[in-house]
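As structure tokens, the structure follows; a few thoughts come after it.
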Amino acid sequence: MSDPCILCVAITGSVPTKAANPAVPVTISEQVESTHEAFEAGASICHAHVRNADETPSSDPEKFAALKEGVEKHCPGMIIQFSTGGRSGAGRERGGMLPLRPDMASLSVGSNNFPTRVYENPPDLVAWLSGEMRTYEVVPEIEAFDLSHVLHAIRMHKEGALYGRLYVQFVMGVKNAMPADREVFDFYVSMLRKRAPDAAWCAAGIGPAQIEVNEWAIAAGGHTRAGLEDNVRLDRDTLAPSNAALIRRAAALCEKYERPVATPVEAREILGLRAAA
């Protein structure tokens, strides 16, 4: 297999704290530095959340703007993907940063259970977020926590509701949502290839499932995500020292399966994104 593999680094998220792992980057400067290290290790997409000074999640467009400026300066050509996830804000404030025109933004097209709450993505909000992405030419990455999310995304794309090439991420290992199960993974990949043959796809594993799902995705010809948002450990006894360490681990799997790690230019071509400014 010689197709380049896109590595996405999920740098911070909304949940992990420095109490869980001191390497979790919270301030903008920490995030830029951590992203740069992961970029040097092979990441071509930065999946970004922002935080307040007290580590609580934020949807402040000014924070996103500062992060975007820093990543563009220090990681030339890297794909910037903002999160519109529900832990960072309520309602339309979740998309308040889309006028900044990041290359991509995450989009969940349906609701599901999380460990302690319902992750709500009501149809009217999904329609508004996807409309904003079309307006500002932001390619969505569909974060699929359930089979219905994949099927709904395929339908939305066929109807012209999603901007750009369809890109689906299977998120596996969230408690009460899609498990990190190889039979389920194989079904999702097969089903997407059959129903949306022009789509690109990736997979992310949560917690200890991260390295397992990384390997499944790389071996199956897809793309994958790693980072401290999803997993703060290298193993049960060892905290990950950085986002870069988790990306280097995924890059080693690419070497194992004889897949080159995609450069930012290659990743943009694979995903149908505009050239870097």
Separation between [atom1] of [X] and [atom2] of [Y], rounded to the nearest 0.5 Å:
| X | Y | atom1 | atom2 | answer |
| --- | --- | --- | --- | --- |
| Lys68 | Ile80 | NZ | CD1 | 5.5 Å |
| Ile211 | Asn214 | CD1 | CG | 5.0 Å |
| Asp146 | Asn176 | CG | CG | 12.0 Å |
| Leu67 | Gln31 | CG | CD | 5.0 Å |
| Glu72 | Cys46 | CD | SG | 11.0 Å |

Check your understanding: Apart from Tyr163 itself, what residues make up its hydrophobic cluster, given side-chain heavy atom links below 4.5 Å?
Key ->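 Answer for Tyr163: Ile6, Ile45, Ile79, Met104, Val139, Tyr167, Ile270, Leu271, Leu273.
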**Study point:** Apart from Val15 itself, residues in the same hydrophobic cluster as defined by side-chain heavy atoms under 4.5 Å
**Key:**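 Reading the cluster by chain and number, Val15 sits alone, since nothing else belongs.
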Point to revise | side-chain contact (heavy atoms from CB on, under 4.5 Å) evaluation trace for Met191 with Leu151 | key: CA-CA 9 Å; Met191 184 271 298; Leu151 297 174; 3.7 Å; yes
Sub-3.5 Å donor-acceptor pair from the side chain of [X] to the main-chain atoms of [Y], do we have one?
| X | Y | value |
| --- | --- | --- |
| Thr12 | Pro25 | yes |
| Arg259 | Pro4 | yes |
| Asn231 | Gly205 | no |
| Asn243 | Ala38 | no |
| Asn121 | Val109 | no |
| Arg268 | Gly77 | yes |

Practice item. Look at Lys256 together with Glu215 and state whether they make a salt bridge at an N to O cut-off of under 4.0 Å. Key: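 Salt bridge flag = yes for Glu215 with Lys256.
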Point to revise | Electrostatic pair Glu143-Arg225, nearest N-O below 4.0 angstrom | key: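 Yes, this pair counts.
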Exercise for review: Give me the ring orientation class for Phe114 and Tyr119: parallel if the planes are under 30° apart, tilted from 30 to 60°, perpendicular past 60°.
Suggested key: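 Rings of Phe114 and Tyr119: parallel, as their planes differ by under 30°.
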Review point. Mind checking whether Phe64 and Phe82 have parallel, tilted or perpendicular rings, split at 30° and 60°?
Key: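 The rings of Phe64 and Phe82 sit tilted, inter-plane angle from 30° to 60°.
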Review point. Is atom CZ of Arg195 surrounded by more than 12 heavy atoms (other residues, nucleotides or ligands) closer than 6.0 Å?
Key: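 Count not over threshold, so no.
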Review point. Do other residues, nucleotides or ligands put more than 12 heavy atoms under 6.0 Å from Lys175 NZ?
Key: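 Incorrect, the count does not exceed 12.
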Using distance only, find each side-chain donor-acceptor pair of residues 125-134 under 3.5 Å and give its atom names and separation, not counting sequence neighbours.
from: Ser130; atom 1: OG; to: Val126; atom 2: O; distance (Å): 3.1
from: Ser130; atom 1: OG; to: Ala127; atom 2: O; distance (Å): 3.0
from: Arg134; atom 1: NH1; to: Ala161; atom 2: O; distance (Å): 2.8

Point to revise | Distance-only donor-acceptor check, side chains Glu37 and Ser242, under 3.5 Å | key: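 No pair is found: no donor N or O on one side chain lies under 3.5 Å from an acceptor on the other.
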